[in-house]
Amino acid sequence: MATKHPDGSNSPPPAVVPELGADGTERVEDQELAFWWDFSLDEDALLRDVARWDNVPTPTALDLAAREVGLPAARAALAEHQRRGEFLKREGGTAAPTITAATNPGTNAEDVLAEWYDPVTHAELETMFPADGQWKNWAERASDNGLKAARVARARFNPYRAAQWFLHRGIPGWDQARVDRVLANNLPPRSQHQREFLAL
């Protein structure tokens, strides 16, 4: 998309040697021109970001989850920028209060994947990821071994987060592909439509 000059043309603005007013400061007209030119460049960058997320390949569940976070965030940033521009044009100024987008800055791809699952017990984790009965001991020592990051309630764990913890222990015979297949086979009914993104 070509960036438009504030006068509506597609040509870049001519180089302007700022003219100083009687008080020795830059003319307001030059300040406005520079502001809106920069504003249009920023909008172009935001549009490209939305397009990038909208067309990003999603061959894996993690890629899909990243897109589910990145695309709404990019759209929200663009909408905020456009709302600010509308405010400035309406008010006739070049400064406006920041409009905070309704997004969760703490959300990431793994948060999205974890939300696909309901909490399970250590016995259920043992069934999913057999470890010679070690899940009971791991669950009891979750505060010491790091499994607490997957604990969502007393004696209840998020399967996705527990699976990643298990994978990082380097258990022989387990890799990301095998873990993903097990996770795909254990999605709750509410998340069955996500199965194809894990069972690749």
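Computed over heavy atoms, backbone and side chain alike; hydrogens, waters and symmetry mates excluded.
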Considering non-hydrogen atoms only, spot the tightest contact between [X] and [Y] and give its length.
| X | Y | value |
| --- | --- | --- |
| L125 | P159 | CD2-CA, 4.3 Å |
| P119 | R156 | CB-CB, 3.8 Å |
| A162 | A150 | N-CB, 3.5 Å |
| R195 | A184 | NE-O, 3.5 Å |

Just to verify, what does F129 make a ring-ring contact (aromatic ring centres under 6.0 Å, His included) with, not counting sequence neighbours?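 Here the qualifying residues are F166, W174.
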Tell me every residue that passes ring-ring contact (aromatic ring centres under 6.0 Å, His included) with W165, counting only those two or more places apart in sequence or in another chain.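 Residues passing ring-ring contact (aromatic ring centres under 6.0 Å, His included) with W165: W135, W138.
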Restricting to side-chain hydrogen bond (donor to acceptor under 3.5 Å, both in side chains), what partner residues turn up for [X], sequence neighbours left out?
| X | value |
| --- | --- |
| R141 | none |
| N137 | none |
| N158 | none |
| K148 | none |

Donor-acceptor pairs under 3.5 Å, side chain of residues 67-77 to any protein atom, not counting sequence neighbours: which ones?
residue: R67; atom: NE; partner: W53; partner atom: O; Å: 3.2
residue: R67; atom: NH2; partner: D54; partner atom: O; Å: 3.3
residue: R67; atom: NH2; partner: D54; partner atom: OD1; Å: 3.2

Would the distance check show the side chain of [X] and the main-chain N or O of [Y] forming a donor-acceptor pair, the cut-off being under 3.5 Å?
| X | Y | value |
| --- | --- | --- |
| Q134 | A131 | yes |
| Y117 | N186 | no |
| E110 | R161 | no |

If you look only at pairs with a residue in residues 118-132, which of them pass as a side-chain hydrogen bond (donor to acceptor under 3.5 Å, both in side chains), with sequence neighbours excluded?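 As it turns out, the side-chain hydrogen bond (donor to acceptor under 3.5 Å, both in side chains) pairs with a partner in residues 118-132, which skip direct neighbours, are D118-R190, T121-E124.
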Qualifying residues under side-chain contact (heavy atoms from CB on, under 4.5 Å), relative to Q176, sequence neighbours excluded: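 By the side-chain contact (heavy atoms from CB on, under 4.5 Å) rule, Q176 matches Q164, L167, V179, D180.
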Do V56 and L46 sit in the same hydrophobic cluster, where Ile, Leu, Val, Met, Phe, Trp and Tyr count as joined when their side-chain heavy atoms come under 4.5 Å apart?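 Linked within one cluster.
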Do Y160 and I171 sit in the same hydrophobic cluster, where Ile, Leu, Val, Met, Phe, Trp and Tyr count as joined when their side-chain heavy atoms come under 4.5 Å apart?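 Yes: a chain of side-chain contacts under 4.5 Å links Y160 to I171.
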Min side-chain heavy-atom separation N185-V182 under 4.5 Å: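 No, their side chains stay 4.5 Å or more apart.
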Does R169 have any salt bridge (charged side-chain N to carboxylate O under 4.0 Å, His left out) partners at least two apart in sequence or in another chain, and if so, which?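 For R169, no residue satisfies salt bridge (charged side-chain N to carboxylate O under 4.0 Å, His left out) once neighbours in sequence are set aside.
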So that I can tick it off, tell me whether R52 and D49 are bridged by a salt bridge, with the cut-off set at under 4.0 angstrom between side-chain N and carboxylate O.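 Yes, D49 and R52 are salt-bridged.
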